[in-house]
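Below is one structure, written out as structure tokens; comments come after it.
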Amino acid sequence: MSAKDIDFNNLGFSYIKTDLRYISYWKDGKWDDGQLTEDNVLHISEGSPSLHYGQQSFEGLKAYRCKDGSINLFRPDKNAERMQASCDRLLMPEVPTDVFVEACKQVVKANEAYLPPYGTGGSLYLRPFIIGTGDNIGVNAAREYIFSIFCMPVGPYFKGGMTPHNFVVSSYDRAAPNGTGAAKVGGNYAASLLAGKEARERKFSDAIYLDPATHTLIEEVGAANFFGITEDDEFVTPLSPSILPSITKYSLLYLAEHRLGLKATEGLVPIDGLEQFKEAGACGTAAVITPIGGIQNGDDFHVFYSETEVGPITTKLYDELVGIQYGDVMAPDGWIFKV
Ligand SMILES: Cc1ncc(COP(=O)(O)O)c(C=O)c1O
């Protein structure tokens, strides 16, 4: 679709082919210089370990058009670092932070026509990924890799955006305690597809995953982290080795404490203790802040603030975070990279 045919005011979260993407090849122990290409189709060996054994990792981050026309990237260095950790876990070569950030900037510049205008609420979603490629058949790490970044304009991940959504506790596990839950790797998402489908069939927005060892603690809300605001105005978000270390979550922990003056902690969040929270939400790059109306757990349906209204602290956190991303609110040092 050409950029001029896009209705930037009514974007969802779907694939749109944009003009150019970055691609770099790793061979003989090193990355090549990388380049932009129009081709959105990869040609790889049928033996590629990414296809059979899930040796791959991906990231998600956004670029925002500001009021003054400039373009912000939100904490891309943190995505680079997280991808390096995912690569370490799956025996893939790291992409250096400066290469990653520079490639993000190149992709945004090359597809600037697709960047939703300021005020539409849209953004340009960047999807970096690394896959293990090359002829192989045993369960081995690949000897060749592709690192690529493509992008597309997006609106809210959960339909309706900043309105309360209901979620259901899944009986499926997403990732094992010493597994790959903290890495952003495809296997975790493959494992979540059935749970997500079943949740949506029951008219919930997505599944909530509990800790796989005891099934008593909240871990993830679909592809987002959980947070709750206690009756004592404390921002609490789950602490666990098997959840994805969300960049949005760490940003909110900082903003809750330093901008809203709340106590902010990572701790255990028992599924049987939801009444301690007066507000709750899901947070992530795609989800931004999605207020949680209620959670279905077995026969019990617990409503937090309201199923239709957004709580005041969730609203303040949203305004602060989104204001920083679009350049309307002063960002903490190092959070914004200008393109
Ligand atoms: C499973 C999962 N949890 C949490 C998040 C939120 O992470 P971030 O805020 O870095 O986007 C994501 C999205 O990347 C995710 O896929």
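Every value quoted in this text rests on a predicted model; they were computed, and no experiment measured them. Every number for a ligand or one of its atoms is a count from 1 in the order of the listing.
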| task | Could you tell me which atoms of ligand 1, counted from 1 in the order shown, lie closer than 4.0 angstrom to a heavy atom of Thr285? | result | 8 (P), 9 (O), 11 (O)
| Atom indices of ligand 1 within 4.0 angstrom of Ser246 heavy atoms, with elements | 6 (C), 7 (O), 8 (P), 9 (O), 10 (O)
| request: For atom CG of Asp98, decide whether the heavy atoms of other residues, nucleotides or ligands shown that lie under 6.0 angstrom number more than 12. | output: yes
| task | Indicate the ring-plane relationship of Phe204 and Phe301, choosing parallel, tilted or perpendicular according to the 30° and 60° boundaries. | result | tilted
| message | Counting only heavy atoms, tell me which of Lys62, Lys184, Glu219 gets closest to atom 13 (C) of ligand 1. | response | Lys184
| query | Within the side chain of Glu309, is there an N or O that forms a donor-acceptor pair under 3.5 Å with the backbone of Thr163? | reply | no
| said: Does the residue Glu59 have a heavy-atom contact with ligand 1, meaning some pair of atoms that are separated by less than 4.0 Å? | reply: no
| request: May I ask you to identify the nearest protein heavy atom to atom 3 (N) of ligand 1, giving residue, atom name and distance to one decimal place in Å? | output: Glu220 OE1, 2.8 Å
| request: Within a distance under 4.0 Å of any heavy atom of Thr248, pick out the atoms of ligand 1 and give their elements. | output: 8 (P), 9 (O)
| query | Does NZ in Lys316 sit with more than 12 non-hydrogen atoms of other residues, nucleotides or ligands closer than 6.0 Å? | reply | no
| request: Determine whether the side chain, the backbone, both or neither of Lys78 has a heavy atom under 4.0 Å from any heavy atom of ligand 1. | output: neither
| Between Glu198 and Arg202, is there a side-chain N and carboxylate O pair less than 4.0 Å apart? | no
| request: Check Phe277, Tyr209, Phe235 against Phe226 for a ring-ring contact (aromatic ring centres under 6.0 Å, His included) and give me the one that passes. | output: Phe277
| message | So if I count the atoms of ligand 1 from 1 in the order they appear, which ones are less than 4.0 Å from some heavy atom of Tyr189? | response | 1 (C), 2 (C), 15 (C), 16 (O)
| said: Please confirm whether Gly60 approaches ligand 1 to less than 4.0 Å, judged on its heavy atoms. | reply: no
| query | Do Glu59 side-chain atoms and Phe129 backbone N/O form a donor-acceptor pair below 3.5 Å? | reply | no
| request: State the atoms of ligand 1, each with its element, that fall below the 4.0 Å cut-off from a heavy-atom position in Asn225. | output: 3 (N), 4 (C)
| task | Take the angle between the ring planes of His165 and Phe167 and call it parallel below 30°, perpendicular above 60°, tilted in between. | result | tilted
| said: Show me which atoms of ligand 1 lie under 4.0 Å from any heavy atom of Gly284. | reply: 6 (C), 9 (O), 11 (O)
| request: Check each atom of ligand 1 against the heavy atoms of Ile247 and keep those under 4.0 Å away; list them by number with element. | output: 8 (P), 9 (O), 10 (O)
| request: Please report which non-hydrogen protein atom sits nearest to atom 5 (C) of ligand 1, along with the residue it belongs to and the distance in Å to one decimal place. | output: Ala223 O, 3.5 Å
| With under 30° as parallel and over 60° as perpendicular, where do the rings of Tyr15 and Phe150 fit, or are they tilted in between? | tilted
